[in-house]
Amino acid sequence: MNTESLTVADIDAPTPEPRASSRQVVYRHALPIRIMHWINVIALTLMFFSGLQIFNAHPNLYWGNRSDKGKEILSLAAHQDATGSLVGTTRIGHHEFTTTGVLGVSKDGNGMPTVRGFPSWITVPGPGWLAMGRRWHFFFAWVFVLNGLCYVGYSLAKRHLQHDLWPTGADWRGIGRSIIEHIRFKHPHGAEALRYNILQRLAYLTVIFVFGVGIVLMGLAMSPRMDAVLSPLVEAVGGRQSARTIHFIIAWAFVAFVLIHLFEVLISGVFNQLRGMITGYYRIDSGEADTVRIHPAEVETARVDTHEVDEVTPDAPAATEERPHD
């Protein structure tokens with residue numbers, strides 16, 4: 001079957017009485033997208049761990065320009081109990097929790113309790129090494145920024161952003177169904193799995209343009225050297241301590257996104273998803289259960305590696321593919 005002859009009607013209509021199901025391998029993720037994805041994984045991981053090491057130098061958060069004692073909105077601290085043992089505490093506003101062993105007090109390399117905001121196993125490059133932690137953090141921050149600019153530039157040039165990430169009218173109309181399917185852990189199959197749904201598109205746009213841009217701007221606003229240049233931004237968020245707090249919150253929002261992302265990968269086929277992001281090739285199952293819904297503007301000629309197709313008969317319906325995307 002010549003895939004160039006496919007029409008929107010052909011794609012939208014369910015295939016009546018398919019004679020066989022088939023599994024086909026399609027080229028899903030372009031090489032530049034894959035490279036930038038893994039650079040981001042490394043940069044964000046090391047930025048986060050080195051950022052926690054920097055935070056440990058003063059494990060408190062404030063709002064405004066000042067860091068007055070007793071005005072903390074978050075504090076990781078320690079005190080001694082009646083027996084002289086160290087007790088770690090986490091205070092959020094006026095609520096205090098005992099978090100010994102994790103926050104406030106944790107064991108050092110020799111197994112001895114030590115006063116420390118976050119435990120040493122989650123900080124790099126080493127416990128108590130503030131100067132080197134700052135170097136690691138700023139180096140990978142620049143890697144993150146340059147990689148992000150390359151990603152946005154590439155996505156605009158290849159129209160990946162417009163076609164694969166920007167929600168369409170049909171996406172917005174189907175947002176309710178998409179929410180229900182996610183709650184039920186129901187994932188699309190066949191060629192429908194090759195496009196992002198509305199929740200994925202909104203999540204990626206939020207991560208790129210809200211979290212990504214926001215964490216960089218707040219990082220710059222925290223720098224004393226940038227006060228003269230970014231003073232309107234610093235004033236807009238309430239002060240340098242406010243910028244530090246927002247920077248911290250966005251960092252943990254990245255962590256939440258990554259955990260949800262990993263969970264979705266695990267339940268939707270970890271091997272297939274990893275292969276797609278490492279080699280670019282992704283396997284889809286096409287059969288009678290598949291009803292492909294693709295916006296007319298997004299229909300393109302399929303590119304299928306037929307030498308890797310399993311159980312395909314001459315009469316089996318051909319799978320279609322969108323452009324390679326992230």
Side-chain angles (χ1 to χ4, degrees), residues 44-81 86-108 113-142 144-145 210-256:
L44 277 172
T45 300
L46 293 175
M47 279 173 59
F48 180 74
F49 292 154
S50 59
L52 293 182
Q53 179 156 313
I54 297 172
F55 182 82
N56 275 355
H58 187 71
N60 304 294
L61 293 176
Y62 309 85
W63 195 261
N65 270 313
R66 299 173 60 88
S67 54
D68 296 328
K69 187 175 178 57
K71 300 292 185 180
E72 302 92 349
I73 59 176
L74 171 69
S75 178
L76 308 182
H79 66 269
Q80 289 184 328
D81 61 14
L86 286 173
V87 177
T89 59
T90 297
R91 182 161 56 84
I92 303 175
H94 299 293
H95 303 281
E96 187 171 286
F97 312 91
T98 299
T99 52
T100 307
V102 182
L103 303 176
V105 172
S106 55
K107 293 182 179 180
D108 60 15
T114 305
V115 177
R116 182 183 289 114
F118 285 93
S120 59
W121 56 264
I122 203 174
T123 62
V124 295
W129 200 356
L130 175 60
M132 189 57 69
R134 288 169 59 87
R135 291 184 181 181
W136 279 52
H137 194 72
F138 297 149
F139 173 80
F140 286 104
W142 280 113
F144 175 74
V145 169
V210 179
F211 293 176
V213 174
I215 203 166
V216 171
L217 289 178
M218 293 304 100
L220 292 173
M222 290 161 53
S223 172
R225 296 182 180 181
M226 298 300 295
D227 278 358
V229 178
L230 296 176
S231 56
L233 174 63
V234 176
E235 293 174 3
V237 299
R240 285 179 55 201
Q241 293 299 326
S242 300
R244 184 171 183 259
T245 298
I246 297 172
H247 188 81
F248 183 87
I249 293 172
I250 296 177
W252 283 99
F254 266 115
V255 172

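A quick note: this is a predicted structure, and the numbers were derived from the prediction, not measured. What's counted below: heavy atoms across the whole structure, side chains too, no hydrogens, waters or symmetry copies.
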Legend entry - Qualifying salt bridge (Lys or Arg N to Asp or Glu O under 4.0 Å) pairs with a residue from residues 228-242, counting only residues at least two apart or across chains: none
Legend entry - salt bridge (Lys or Arg N to Asp or Glu O under 4.0 Å) pairs, two or more places apart, involving residues 55-71: R66-D68
Legend entry - Heavy-atom pair of closest approach, residues S106 and G101: CB-O, 3.8 Å
Inset, instruction - Please name all residues satisfying side-chain hydrogen bond (donor to acceptor under 3.5 Å, both in side chains) with H137, sequence neighbours left out, ordered by chain then number. - result: S50
Legend entry - Sequence-distant partners of T99, side-chain hydrogen bond (donor to acceptor under 3.5 Å, both in side chains), two or more places apart: T90
Quick one: side chains of residues 113-136, donor-acceptor pairs under 3.5 Å with protein atoms, not counting sequence neighbours, listed by atom name and distance.
unit_1 : atom_1 : unit_2 : atom_2 : d
T114   : OG1    : D108   : OD2    : 3.4
T114   : OG1    : M112   : O      : 3.1
T123   : OG1    : S120   : O      : 3.1

Legend entry - Rounded distance (nearest 0.5 Å) linking atom CG of L217 with atom CG of L230: 7.5 Å
Legend entry - Partners meeting ring pair (Phe, Tyr, Trp, His ring centres under 6.0 Å) with F97 (sequence neighbours left out): none
Inset, instruction - Kindly write out the residues that satisfy side chain to side chain contact (heavy atoms under 4.5 Å, CB included) with V255, not counting sequence neighbours, or none if the list is empty. - result: F48, W252, L259
Inset, instruction - Give, for atom CG of L103 and atom CG of L76, the distance between the pair rounded to the nearest 0.5 Å. - result: 5.5 Å
Inset, instruction - Mind listing the closest non-hydrogen atom pair of L233 and A221 along with its distance? - result: CD2-CB, 4.3 Å
Legend entry - Side chain to side chain, T45 and F49, heavy atoms closer than 4.5 Å: yes
Legend entry - Nearest-0.5 Å distance, CG of residue L52 to CZ of residue F248: 7.0 Å
Inset, instruction - Only pairs at least two apart or in different chains count here, so list each ring-ring contact (aromatic ring centres under 6.0 Å, His included) that has a residue in residues 216-245. - result: none
Inset, instruction - Please report the closest heavy-atom contact between L220 and M226, naming both atoms and the distance. - result: O-CB, 3.3 Å
Inset, instruction - Could you tell me which residues satisfy side chain to side chain contact (heavy atoms under 4.5 Å, CB included) with N60, sequence neighbours excluded, listed by chain and number? - result: H58, Y62, E72, S75
Legend entry - Heavy-atom closest pair, residues F144 and M47: CB-SD, 3.6 Å
Legend entry - Listed partners of D81 passing salt bridge (Lys or Arg N to Asp or Glu O under 4.0 Å), at least two apart: none
Legend entry - Nearest non-hydrogen partners of A78 and G104, listed with the distance: CB-O, 3.9 Å
Inset, instruction - List for me each residue that meets salt bridge (Lys or Arg N to Asp or Glu O under 4.0 Å) alongside R225, sequence neighbours excluded, and say none if there are none. - result: none
Inset, instruction - Please list, chain by chain and in numerical order, all residues satisfying side chain to side chain contact (heavy atoms under 4.5 Å, CB included) with I246, sequence neighbours excluded. - result: W63, M218, V237, I250
Inset, instruction - Please answer whether the main-chain N or O of G219 pairs with a side-chain N or O of S223 as donor and acceptor at a distance below 3.5 Å. - result: no
Inset, instruction - Kindly compute the distance separating CG (N65) from CD (Q241), expressed to the nearest 0.5 Å. - result: 8.0 Å
